[in-house]
Amino acid sequence: MSADEAVLIVGDDSSQPSLTDLLAAAGLVTEVVSEPDDALRWLESRVPGVIVLDSPDSDPKGFDFIREVRSRPHLTDVSMVVLKELGSEDEVDRILAAGADDCVVKPFRRSEMVARIRSQLRMREYVRRLNRRERDQQTVLELTQLLASTPDIRDALFTVVQRVAAVAQVHRCSIVLTSENGDQGYVVASSDDETMCALSIDTAKYPEIREVLSTGLPLVIQDAGQHPLLEAVRKQEPAMTFSSIALTPILRKQHRLGVIFMRSRATAAFGDHEMSLVSTVANALGIALQNATILRSMRDETRQNVSARVEAERRVRLFQRYADFFESAADGMVVIGGGGAVLLSNPRAREITGFSEGELMQQGLADLLSPEEQDRAQRLLRGFSEGIYPRGVDITIINQAGSRIVINVSFSSVLHEDEVVLFSFRDVTLERKTAVELRQTKEFLERVIDSSVDAIVFCDLDGIVLLYNRAAARIFRYAPHDVIGKINVDRLYPAGVARDVMRMIRNPELHGYGRLEDYRVDMLTSDGERVPVVLSAALVMQDGRPVGSVGIFTDIRDRLRMQASLYQAQEELAAREKQSIVAELAGAAAHELNQPLTSVIGYAELLKRGLKSDPHLQNAAEIIIKEAERMAEIVRKVGTITKYETKTYVGGAKILDLEKASERGG
């Protein structure tokens, strides 16, 4: 069952047995949509055979849905069946008046429901056939009137083949008139090429045409790839373009004037109806061609065109001495006439474009070029007439698959007097794409190099600078446009240093051949100032051979300034540490002297008290006390300097307060 015979069920289909199961069991395809709004969206892109609406009577959406379906032109012939609960006849009238084709009362009998659905499908198919027959009859009438009323039948032939191709639903329909003996054929009209009017063909290569001319009967070949009549054709052309073929003879009395030749890329249904319609058109065409003068005139004109083509082919035969080269050339080669028509092509040209030799012969230069290249095609043709033959130009063409490819083309004159032009070409689509990607990668790497904080300089083996980034300009103070390609890298080094650096780069015992890492060196700015840097350099190799060298220079002036500041800070810290050590020693000495002095002063006071009777000894004791107190004062001052404190001792003497000193130290 085809897609347009499906049954669309709108509403709740959850009852048992469901309507879906019932229709499926009867061999009908169903689609279920629960809401009318969803069904309308479904119907925007699909057309069923029957719509079954199961909607409650009280729901106004059901009537709105029926009216909306009937308002859409592409759904006018779709049958609609409404399911409703048992009610009055007025309700049925309302449903039918809204646009429904049938109304079924629930609960329904299963056989009755299936029968009604099938009846609606048969009715729709009958209406479609009537409409189609009416359209086809109208087409035949219009074409017959056109052939009978047109003064010059040649103007009507393209319209005839276009209408027949549309009715028969084929990709190409042609009218082929034949010579009196049937050996030569002339394609006078083709539905896919309005300009075709006099293409000569050898009927020996078309056994199907000869078969129809010999029998006078229509011929239908559904599978051209298997039919025995076309076995010789398949050997000559293994990749056949069309799958199905149908031919109808053009007869007038006992004369067989030619055929209407229909071809389809897919398997076409050449039924009795289609063949009958084409036969009617062929009969009308035969009547229109009954005037022998008209036919003779068309044949004469065709012979003239054929003669012109034969002459062109004669000119092409002049190239036979180069035939082997032409056929085996790695580049595509095409020979075109002065008007751009393709006269000859080699296998490589057909491989690149995807067209067969016959398809290329039917095209011109402008047909091969992409739409945006059409103006260019006209300029090329005008240039050929003026002796201008471009070489090595890129042109975008459309291949047989419809894809855009870029070819690099060179044109040359072959026969100056006959305006025959040869153009050779090769497919450079991938190369051009790769070139774009490489350019983008190169630009990205240049941006990365230019944004580096370190100076990067590349030079060739002669020392000429070829790459010089912004950091290099900042360090060396040369503008890039004054350096690149103009100065030698030696100018950036002090005298002789550049040669020493290159020797170290080439010394395998340092960092390996071709490399130098973290080498401290001074460089020269444009005004002669020395700039300390750390250099990492390497040889740039290509195919195992050096082609240049690259150096990365890290400016270490800020680093050296920081190191100098750090050294000065370290010196100051060392001096302070020395002072601290001296203070510690003094404090330790004061601490060690504190206890003996305390004892001396204490014993001297005792002696003084005990020697009151001896003035001389008492005087000596006082001298001892004074000297000890003088020493204690010195110790106190040392303690003050070293942050040690003193306290009052016997007789008002001041000694070191070790407890406070230890508390503060803690």
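Hydrogens, waters and symmetry mates are skipped; everything else that's a heavy atom, side chains included, is used. What you see is a predicted model; the values in this text were computed from it and never measured.
In this structure, CG in L19 is found 8.0 Å from OG1 in T30, a value given to the nearest 0.5 Å. Atom CG of L381 and atom CD of Q378 lie 5.5 Å apart (nearest 0.5 Å). Here R263 contributes atom CZ and L247 contributes atom CG; the two are 8.5 Å apart, rounded to the nearest 0.5 Å. Atom CD of Q363 sits about 7.5 Å away from atom CD of E359, to the nearest 0.5 Å. Between the CG atom of D202 and the CG atom of D183 there is a distance of 7.5 Å, given to the nearest 0.5 Å. Note that CD of E31 is 7.5 Å distant from CG of L8, once rounded to the nearest 0.5 Å.
The salt bridge (charged side-chain N to carboxylate O under 4.0 Å, His left out) search around E372 returns R404, not counting sequence neighbours. F423 is linked by a ring pair (Phe, Tyr, Trp, His ring centres under 6.0 Å) to F411, F425, counting only residues two or more places apart in sequence or in another chain.
At least one side-chain heavy atom of V78 sits under 4.5 Å from a side-chain heavy atom of P48. By the 4.5 Å heavy-atom criterion applied to side chains, V52 and M113 are counted as neighbours. Between R124 and V50 the shortest side-chain heavy-atom distance does not fall below 4.5 Å. Two residues are said to be in side-chain contact when any heavy atoms from C-beta on lie closer than 4.5 Å; V334 and L344 fail this criterion. Proximity of I336 to L343: side-chain heavy atoms (C-beta onward) are nowhere separated by under 4.5 Å. In this structure the side chain of V10 never reaches within 4.5 angstrom of the side chain of W42, judged on heavy atoms. Proximity of I405 to I407: side-chain heavy atoms (C-beta onward) are separated by under 4.5 Å at one or more points. At least one side-chain heavy atom of V69 sits under 4.5 Å from a side-chain heavy atom of L43.
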Query raised in the report: What do the steps show when you test E208 against L230 for side-chain contact (heavy atoms from CB on, under 4.5 Å), and what is the final call?
Result: CA-CA 7 Å; E208 63 271 36; L230 301 178; 3.4 Å; yes
**Report entry** Check against side-chain contact (heavy atoms from CB on, under 4.5 Å), L75 and I51
**Finding:** CA-CA 10 Å; L75 301 174; I51 300 174; 5.6 Å; no
Requested in this report: Please assess I9 against V33 for the test side-chain contact (heavy atoms from CB on, under 4.5 Å), listing each intermediate value before the final yes or no.
Outcome: CA-CA 6 Å; I9 300 173; V33 179; over 6 Å; no
Requested in this report: Apply the test side-chain contact (heavy atoms from CB on, under 4.5 Å) to residues I397 and T353: give CA-CA distance (whole Å), side-chain angles for both, the deciding distance (0.1 Å), then the verdict.
Outcome: CA-CA 8 Å; I397 67 172; T353 62; 4.1 Å; yes
Query raised in the report: After noting the C-alpha distance and the side-chain angles of R265 and S243, does the key distance pass the side-chain hydrogen bond (donor to acceptor under 3.5 Å, both in side chains) rule?
Result: CA-CA 5 Å; R265 296 190 184 96; S243 298; over 6 Å; no
Report task. Apply salt bridge (Lys or Arg N to Asp or Glu O under 4.0 Å) to the pair D427 and R432, showing each step before the final yes or no. Result -> CA-CA 10 Å; D427 186 355; R432 297 299 180 260; over 6 Å; no
Requested in this report: Evaluate the salt bridge (Lys or Arg N to Asp or Glu O under 4.0 Å) criterion for residues D101 and R70: first the C-alpha distance (whole Å), next the side-chain angles of each, then the deciding distance (0.1 Å), finally the verdict.
Outcome: CA-CA 11 Å; D101 297 289; R70 288 296 174 239; 2.7 Å; yes
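For the pair A26 and V114, the tightest heavy-atom approach, listed with the atom from each and the gap, is CB-CG1, 3.7 Å. Of all non-hydrogen atoms in D193 and F158, the two that sit nearest each other are C-CE1, 4.0 Å. Looking at every heavy atom in both residues, P218 comes nearest to M275 through CB-CE, 3.8 Å. Considering every non-hydrogen atom in both T248 and V212, the closest pair reads C-CG1, 4.3 Å. Contact detail for C173 and M262: the closest heavy-atom pair is SG-CG, 4.0 Å. A pairwise comparison of heavy atoms in V161 and S190 identifies CG2-C, 3.8 Å as the closest pair.
With respect to D21 and R110, no salt bridge is recorded, no charged nitrogen being found less than 4.0 Å from a carboxylate O. Contact check on R72 versus E68 returns a salt bridge, with a Lys/Arg side-chain nitrogen under 4.0 Å from an Asp/Glu carboxylate oxygen. In this structure, R348 does not pair ionically with D331, as no charged nitrogen and carboxylate oxygen lie closer than 4.0 Å. Between E373 and R379 there is no salt bridge, since no side-chain nitrogen of the basic residue lies less than 4.0 Å from a carboxylate oxygen of the acidic one. The pair E44-R41 does not count as a salt bridge, with every side-chain nitrogen at least 4.0 angstrom from each carboxylate oxygen.
Counting heavy atoms of neighbouring residues, nucleotides and ligands inside a 6.0 Å radius, atom CE of M123 does not exceed 12 of them. Other residues, nucleotides and ligands place more than 12 heavy atoms under 6.0 Å from the CD atom of E437. Residue E194 qualifies as open at atom CD: its count of foreign heavy atoms under 6.0 Å is 12 or below.
Partner L219 forms a side-chain contact (heavy atoms from CB on, under 4.5 Å) with one of V259, I245, L229, I209 and no other, that one being L229.
Between the R426 side chain and the I352 main chain, no donor and acceptor come within less than 3.5 Å of each other. The closest donor-acceptor contact from the side chain of Q374 to the backbone of L369 lies under 3.5 Å. Using modelled atom types, one side-chain atom of T429 and one backbone atom of V406 make a donor-acceptor pair closer than 3.5 Å. Of the possible polar contacts, one joining the R234 side chain to the A224 backbone as a donor-acceptor pair under 3.5 Å is found. Within the 3.5 Å criterion, the main-chain N or O of S244 finds no donor-acceptor partner in the side chain of H227. With hydrogens and angles ignored, the 3.5 Å screen pairs a side-chain donor or acceptor of T215 with a backbone N or O of L217. Panel note: side chain T396, backbone S370; no donor-acceptor pair is recorded below 3.5 Å.
Side-chain polar atoms of S179 and Q184 form no donor-acceptor pair below 3.5 angstrom. Judged purely by distance below 3.5 Å, without hydrogens or angles, the side chains of S345 and R350 pair a donor atom with an acceptor atom.
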